[in-house]
2 protein chains.
Amino acid sequence: MKDQMKDIVALCKRRGFIFAASDIYGGINGFWDYGPLGVELKNNLRDRWWHDMVIAPPIGPDGTPISIVGVDSSIIQNPNCWEASGHVGGFNDPMVDCRESKKRYRADHVFVLIPKDGEGVSFAFDKDAEDELIEKRLKKLAKGKSIDDFEREMLDQIPAANFNNIVGPDTKNKGTLTEPRQFNMMFHTYVGATASDDNKAYLRPETCAGIFLNFKNVVDSSRVKVPFGIAQIGKAFRNEVTPRNFIFRSREFEQMELEWFCEEEDVPKWFDFWVEQRTNFWLSLGVDKSALHFLDVPKDDLAHYSSRTIDVEYKFPFAAPGFDELEGIAHRGNYDLTQHQKHSGAKIEYYDQQENKRYLPHVIEPSTGLTRGVLALICEAYTVDENRPSGVYLNFHPSMAPKKAAILPLSAKPEHVEPAQKLYMELRNEFVVDLDIKQNIGKRYARQDEIGTPYCFTVDSETAEDNCVTVRDRNTMAQERIPLDKVKAFLREKINGG
Amino acid sequence: MKDQMKDIVALCKRRGFIFAASDIYGGINGFWDYGPLGVELKNNLRDRWWHDMVIAPPIGPDGTPISIVGVDSSIIQNPNCWEASGHVGGFNDPMVDCRESKKRYRADHVFVLIPKDGEGVSFAFDKDAEDELIEKRLKKLAKGKSIDDFEREMLDQIPAANFNNIVGPDTKNKGTLTEPRQFNMMFHTYVGATASDDNKAYLRPETCAGIFLNFKNVVDSSRVKVPFGIAQIGKAFRNEVTPRNFIFRSREFEQMELEWFCEEEDVPKWFDFWVEQRTNFWLSLGVDKSALHFLDVPKDDLAHYSSRTIDVEYKFPFAAPGFDELEGIAHRGNYDLTQHQKHSGAKIEYYDQQENKRYLPHVIEPSTGLTRGVLALICEAYTVDENRPSGVYLNFHPSMAPKKAAILPLSAKPEHVEPAQKLYMELRNEFVVDLDIKQNIGKRYARQDEIGTPYCFTVDSETAEDNCVTVRDRNTMAQERIPLDKVKAFLREKINGG
């Protein structure tokens with residue numbers, strides 16, 4: 001399963017889904033660019049979320065549609081808002097450096113093997129290291145000892161006093177790790193002409209702050225009434241110590257976040273509502289239920305203001321046989337609004353006219369990674385099939401596929417090309433379609449399989465006579481002949497009705 | 001006209017189009033957030049541009065559709081790419097400070113009145129200062145002199161040697177300006193744990209670099225052939241010395257850029273093609289031809305690699321009676337690709353199989369401000385009308401209006417609300433519609449006028465009997481009765497067919 005990530009990354013580059021940012025300059029660690037197909041896939045997921053949240057929000061428990069509006073806030077905000085949210089003081093990762101390799105690790109991503117007998121050095125490993133690899137390394141560096149001679153402990157759980165003589169994960173000799181130190185994950189910059197502390201500002205580490213900051217302005221301008229939601233999609237930035245796993249943990253990424261504002265007593269009802277809604281969202285995009293795992297975060301691990309958080313995890317290949325986070329649904333209390341009211345000095349309480357009371361509503365936050373969602377859709381679609389020329393195809397749900405259909409004239413002769421161009425012009429205002437003229441038809445089918453196009457329409461010499469095209473189904477490779485004037489209806493039914 | 005900007009800014013806040021970023025913290029100069037209606041308007045413009053460029057690109061001079069693909073590149077790239085593009089060395093604004101007021105000015109945004117007789121001090125003014133204001137100030141600070149006693153010169157044209165004793169534009173006494181110094185407009189940050197020069201990176205000052213960086217990857221993965229285009233929409237950042245004019249000159253903004261790659265000999269043909277296409281784009285969104293001005297940038301002002309640049313200017317109220325830049329259409333030669341090939345060491349030349357030759361194509365770049373476009377659409381739509389309760393309405397083209405229609409039950413009685421909810425549910429999967437239940441109908445019409453909703457459908461007591469609703473036209477305020485089952489067709493024709 002872990003090797004599958006390599007194949008997926010290679011396909012993504014080869015077919016134009018995702019490239020390393022600044023690839024020709026050797027890249028830049030933790031940053032990725034979306035190619036022609038990646039951007040369409042990402043836009044499809046983005047637009048579907050926005051549609052389901054803001055344009056046509058779900059039907060609430062009372063049978064009528066709930067109320068959600070959107071915002072799009074700035075990446076750079078007044079730095080005081082990050083003091084209020086706790087990010088300046090607390091958004092830290094514990095980090096260690098290796099004295100030999102100079103590499104850097106997050107202490108909570110590394111475990112240590114400590115000798116049970118108290119003799120000799122300890123050895124650190126990447127948290128996903130496999131036993132086979134561990135034994136191999138011990139054989140080399142800790143002669144005569146095996147994995148059974150050690151206790152396993154996460155690096156960030158080891159008291160500072162005991163922190164000595166731990167050999168780093170990537171050293172060839174016995175280079176040791178420095179003590180962990182806290183590292184703030186917000187990127188900073190300077191607004192204005194001088195790079196002084198007075199001008200320091202931050203790139204937002206999450207999009208939700210922009211929602212809380214606009215709570216009052218939205219209430220005052222939009223006639224919304226509690227309960228209601230504010231949604232936002234946008235970029236966020238985290239100076240990750242160790243970006244990894246392709247676009248899963250990158251330094252620049254996109255989020256889709258909803259803050260659902262309700263009265264405190266209604267929190268349990270709405271929490272369950274949102275878990276159900278968000279699960280259905282992923283299922284409707286073709287994600288199999290068995291590929292999702294719901295982690296009910298233990299009470300002891302919750303923030304003081306939260307009564308419950310559920311992480312929706314996906315079976316990313318790099319996490320096999322486990323899962324890793326795709327989305328979090330968190331009760332955040334009214335912590336954020338309280339903090340912003342306190343730090344800004346502005347009165348941002350909601351006024352309930354009917355009850356004649358002012359209060360700061362509680363919040364339930366379904367927070368999704370858009371770029372992680374793209375990765376989940378690609379992983380879910382990736383299907384090995386040795387019975388076809390490409391050896392693999394992307395089984396996207398038609399609504400998510402970057403191209404809904406390809407129109408392929410059998411040859412470059414005008415009698416094939418002209419009807420194909422005509423069909424392309426008819427379809428392209430309603431569907432994202434590809435017109436691909438040259439190359440032999442087998443290679444073109446293979447390409448469309450690899451990019452996950454659900455339907456290929458082939459124009460051949462009979463088309464002029466019978467006004468029909470051959471439609472090929474991506475998954476079954478079955479072909480059937482359908483009239484040219486039925487192609488639109490065919491696609492409508494398959495894509496929107498399916 | 002200049003006062004109209006104040007009214008527009010106020011309406012944008014009151015109705016939820018645009019708020020100052022971090023408003024409750026007193027804002028942050030040069031940053032803006034988009035509220036519930038602003039984000040829909042911006043998305044409409046974004047999606048229309050993307051559709052017209054990438055999904056259904058224009059028909060070329062040969063009668064067949066041209067080929068354009070999209071990308072979405074990272075805001076932070078390898079810093080070497082900004083050395084290559086010239087932004088590290090040259091993306092500077094000349095900047096002066098006032099010794100008294102401590103305010104900062106762009107030297108190219110300020111002119112100076114220099115005494116013709118060589119006696120006494122010079123006075124600086126904002127480039128848009130009106131004669132009346134100048135005379136008033138001279139009366140106070142340069143007793144006995146009038147505007148005719150001075151020569152006018154732009155501050156950045158004054159040689160350093162002559163740069164002394166210039167009184168700043170906002171000083172109450174005779175506080176003078178410092179000499180201009182160059183100020184790089186790129187925001188910088190640090191990627192990794194240490195804020196050292198080795199880790200310095202930049203927020204992109206324009207989106208086009210991400211296109212050039214991906215030129216080779218796109219060619220290799222997408223089967224495109226010269227001529228073709230790569231399009232991108234995304235945020236860019238400039239540490240403007242003096243952000244101003246609402247969202248026109250902000251520090252964080254969005255661009256929609258196309259790089260059209262063609263052979264050098266075809267540049268004139270494609271240049272004309274793109275000027276025509278881009279003009280038609282704005283006209284199709286309801287911008288009046290008289291509101292646009294085409295500035296053919298004089299040869300002497302062009303970069304050495306460019307044969308032509310046309311700025312498409314819009315009559316923004318703050319520029320009255322003039323215009324200011326909305327979009328630029330520039331021939332960039334093959335300067336960018338040449339620079340990136342040289343600095344990266346990667347071979348990124350295009351290979352023309354038929355001609356068996358390798359070359360770096362020339363580029364024509366239609367570069368549009370998405371956020372400036374939003375401002376142009378709002379300014380164009382803003383219509384004063386004393387004959388209606390709101391006193392003003394936004395005359396958006398239906399395809400750009402944030403809400404296509406409002407559904408208004410005459411009262412909150414179930415016999416009005418239930419058919420309205422039913423109609424809302426029928427329409428909302430196809431159109432962005434508002435269901436607004438409470439408040440008297442006049443106030444609700446006024447609100448829809450102010451947010452630019454082209455059609456209001458009112459459900460009243462007769463609806464149950466005749467299965468009809470009253471439709472009110474935003475611009476004419478005319479009302480007519482139409483059958484419920486014709487509403488969808490009515491909207492389809494008005495919005496898509498209009």
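Proteins get letters first, then strands, A, B, ... in listed order; numbering begins at 1 in each.
At distances below 3.5 Å, not a single donor-acceptor pair connects side-chain atoms of R15(A) with backbone N or O atoms of L37(A). Judged by distance alone, with hydrogens and angles left aside, the side-chain atoms of D23(A) form no donor-acceptor pair with the main-chain N or O of F19(A) at under 3.5 Å. Remark: the backbone N or O of M95(A) is not paired with any side-chain donor or acceptor of R104(A) at under 3.5 angstrom. Under the 3.5 Å distance criterion, the side-chain polar atoms of Q341(A) are matched with a main-chain donor or acceptor of I348(A).
Contact annotation for N80(B): both backbone and side-chain heavy atoms come within less than 4.5 Å of a heavy atom of chain A. At a 4.5 Å heavy-atom cutoff, the contact between Q77(B) and chain A is made by backbone and side-chain atoms alike. Proximity to chain B (any heavy atom under 4.5 Å) is shown, for R428(A), by both the backbone and the side chain. Of the two parts of V54(A), only the side chain, counted from C-beta on, holds a non-hydrogen atom closer than 4.5 Å to a non-hydrogen atom of chain B. Heavy atoms of F183(B) lying under 4.5 Å from chain A belong exclusively to its side chain. In this structure, chain A has a heavy atom under 4.5 Å from the side chain of N43(B), while its backbone stays farther away. Heavy-atom distances place no part of I18(B) under 4.5 Å from chain A, backbone and side chain included. Only the side chain of E40(B) comes within less than 4.5 Å of a heavy atom in chain A; its backbone stays farther off. For M185(B), no part lies near chain A; criterion is any non-hydrogen pair under 4.5 Å. For T64(B), the part lying under 4.5 angstrom from a heavy atom of chain A is the side chain only. Contact of N239(B) with chain A is made through the side chain alone, with heavy-atom distances under 4.5 Å. Interface remark: Y424(B) contributes side-chain atoms only to the contact with chain A (heavy atom separation under 4.5 Å). Neither the backbone nor the side chain of N184(B) comes within contact range of chain A, judged by heavy atoms closer than 4.5 Å.
Comparing P36(B), A346(B), G27(B), G30(B) by how many heavy-atom pairs each has under 4.5 Å with chain A, the most go to P36(B). Interface remark: of the candidates P65(B), G38(B), G192(B), G192(B) forms the most heavy-atom pairs closer than 4.5 Å to chain A.
In this structure H343(A) satisfies the side chain to side chain donor-acceptor pair (under 3.5 Å) test with no other residue, sequence neighbours excluded.
In this structure, H340(A) has its ring center at least 6.0 angstrom away from the ring center of F215(A).
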**Asked** Should R238(A) and E252(A) be marked as a side-chain contact (heavy atoms from CB on, under 4.5 Å) after you check the CA-CA gap, both sets of side-chain angles, and the distance that decides it?
**Response** CA-CA 7 Å; R238(A) 293 183 188 176; E252(A) 178 174 336; over 6 Å; no

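A donor-acceptor contact closer than 3.5 angstrom is absent between the side chains of Q232(A) and W50(A).
Partner of E254(B) under the salt bridge (charged side-chain N to carboxylate O under 4.0 Å, His left out) criterion, chosen from R46(B), K42(B), R204(B): K42(B).
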